[in-house]
Amino acid sequence: MRVLRTLFYLRFHGMTVFRLDFFSPFFVDGSLFLIQLLAFGAVYANVDSIGSWGRGEMILYIGSFSLINALNMTIYFFGVNGIPGKVKSGELDLYLSKPVSPLFRLTFENITPGSIPLILLSICIIGYGIGISDIELTVPGTGAYIFWILIMTVLYYDMAVLIRSVSLYFVTMARMEQIEEAGLGLCMTLPGIAFYGVYKVIFYLILPYGIIATLPVQSMVGELEPGMAAYGIGVVVLFSLLTGIVWKKGLRHYNSASS
């Protein structure tokens, strides 16, 4: 916790020295969020339902995915996203020489308060979706929804680190990032309940972006079956273990830029 507080202090101190760096993310991320809403509106303008979900559930889905993405942007995206660049430049050497986990520092050293408004806007969308769906909020239901949002944020993090850990083994990983962008782009607009057959295998297991917002919404509307809940938790545990293994083996495989 002391290391975490120090990283927070260094990050906020550095951002407040250059005022434009502190305030510009509010404008940039807010503009991006509005563009995404317009895109979602265009997609769902003439769609009344997808599977068993109506317009309210789809709005709740969009808000849930936006919330998880906003948490990602606020907490760890800019730190984790820089891993390939640090590997290529040799800057990762500095992280390995410090008496703290390099992944821990990479994760939390670039927290971005400029993305916090996205969290608030996403919560507003979620509230709007709940209102349209006439969902009766209960303490157990709300608690279950928050639980799924949190562990799906962990899965989102696992996927981000896992994909960027490839840079520890190969010189370039542009194709991996393109796969990530394509998968996220599709699953941010299309809920997992729309996938069948091979597509369900891909987006529920291989690239499990399809469950990231689907399971929280299913828990909120009362559609999440025990078997699927156990599956979701199992996927998070599996990818957390896989990410840890790939990262640690990658560090042993890593060759310093100075070597």
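In terms of heavy atoms, Cys187 sits closest to Phe65 at O-CE1, 3.2 Å. Considering every non-hydrogen atom in both Met152 and Gly232, the closest pair reads CE-O, 4.3 Å. Minimum interatomic distance between Ser165 and Trp247 (heavy atoms only, all atoms of both residues): OG-CE3, 3.4 Å. A pairwise comparison of heavy atoms in Pro84 and Ser167 identifies CA-OG, 3.6 Å as the closest pair. Taking all atoms of both residues into account, the shortest heavy-atom contact from Leu168 to His253 is O-ND1, 3.1 Å. Between Gly56 and Ile132 the shortest heavy-atom distance is CA-CG2, 3.7 Å.
Expressed to the nearest 0.5 Å, how far CE of Met228 lies from OG of Ser219 amounts to 13.0 Å. Atom OG of Ser240 and atom CD1 of Ile151 lie 9.5 Å apart (nearest 0.5 Å). Here the CG-CD1 distance, from Leu184 to Ile179, works out to 12.0 Å after rounding to the nearest 0.5 Å. With values rounded to the nearest 0.5 angstrom, Ile233 atom CD1 is found 9.5 Å from Leu215 atom CG. Here the straight-line distance linking atom CG of Leu121 with atom CD1 of Ile116 works out to 12.0 Å at 0.5 Å rounding. The OG1 atom of Thr153 lies 10.0 Å from the CG atom of Asn69; values are rounded to the nearest 0.5 Å.
Transitive grouping of hydrophobic side chains (ILVMFWY, heavy atoms separated by less than 4.5 Å) brings Leu241 and Val236 into a common cluster. Linking Ile, Leu, Val, Met, Phe, Trp and Tyr residues whenever their side-chain heavy atoms come within less than 4.5 Å leaves Ile125 and Ile146 in two separate clusters. Val139 is not connected to Val221 by any chain of hydrophobic side-chain contacts under 4.5 Å among Ile, Leu, Val, Met, Phe, Trp and Tyr, and they are in different clusters. When hydrophobic clusters are built by joining Ile, Leu, Val, Met, Phe, Trp and Tyr residues whose side-chain heavy atoms come closer than 4.5 Å, directly or via intermediates, Val161 is not grouped with Leu150. Residues Ile245 and Val235 do not share a hydrophobic cluster, defined by chaining ILVMFWY side chains whose heavy atoms lie under 4.5 Å apart.
Within the 4.5 Å cutoff, no side-chain heavy atoms of Tyr157 are placed close to those of Asn72. When side chains are defined from C-beta on, Asp158 does not count as touching Leu162, because their heavy atoms never get closer than 4.5 Å. Within the 4.5 Å cutoff, no side-chain heavy atoms of Leu186 are placed close to those of Tyr199. Looking at Leu120 and Cys124, their side chains never come closer than 4.5 Å, going by heavy atoms from C-beta outward. Lys98 has its side chain out of reach of Phe104: every pair of non-hydrogen atoms, C-beta onward, lies at least 4.5 Å apart. Between Tyr156 and Phe77, the closest side-chain pair of non-hydrogen atoms is not below 4.5 Å. Here the side chains of Leu155 and Phe239 are in contact, with some heavy-atom distance below 4.5 Å. Contact annotation: the side chain of Thr107 approaches that of Val80 to within less than 4.5 Å [non-hydrogen atoms, C-beta and beyond].
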- Residues Gln218, Ile193; criterion side-chain contact (heavy atoms from CB on, under 4.5 Å); working and verdict: CA-CA 10 Å; Gln218 287 182 321; Ile193 61 170; 3.6 Å; yes

Chi angles and distances behind the side-chain contact (heavy atoms from CB on, under 4.5 Å) call for Thr214, Tyr204: CA-CA 10 Å; Thr214 300; Tyr204 269 57; 3.9 Å; yes

_Could you walk me through whether Leu92 and Tyr95 satisfy the side-chain contact (heavy atoms from CB on, under 4.5 Å) test, starting with their C-alpha distance in whole Å, then the side-chain angles of each, then the deciding distance to 0.1 Å, before giving a yes or no?_
CA-CA 5 Å; Leu92 185 62; Tyr95 292 80; 4.2 Å; yes

Applying side-chain contact (heavy atoms from CB on, under 4.5 Å) to Met220 and Trp148, what does each step give before you reach the verdict? CA-CA 10 Å; Met220 175 69 76; Trp148 283 107; over 6 Å; no

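Judged as a salt bridge (charged side-chain N to carboxylate O under 4.0 Å, His left out), the pairs with a partner in residues 180-199 (not counting sequence neighbours) are, in order, Arg164-Glu180.
Looking at Glu109, its side chain never comes within 3.5 Å of a backbone N or O of Leu106 through a donor-acceptor pair. Remark: the backbone N or O of Asn110 is paired with a side-chain donor or acceptor of Thr112 at under 3.5 angstrom. With hydrogens and angles ignored, the 3.5 Å screen pairs no side-chain donor or acceptor of Thr74 with any backbone N or O of Leu71.
Within a 6.0 Å radius of OH in Tyr128, other residues, nucleotides and ligands contribute 12 heavy atoms or fewer.
Using the six-membered ring where Trp is involved, Trp53 and Tyr61 have ring planes that are tilted, between 30° and 60° apart.
With Tyr209 as the fixed residue, the side-chain contact (heavy atoms from CB on, under 4.5 Å) test singles out one of Ile206, Leu207, Ile211: Leu207.
Remark: the Ser64 side chain and the Tyr145 side chain contain an N/O donor-acceptor pair separated by less than 3.5 Å.
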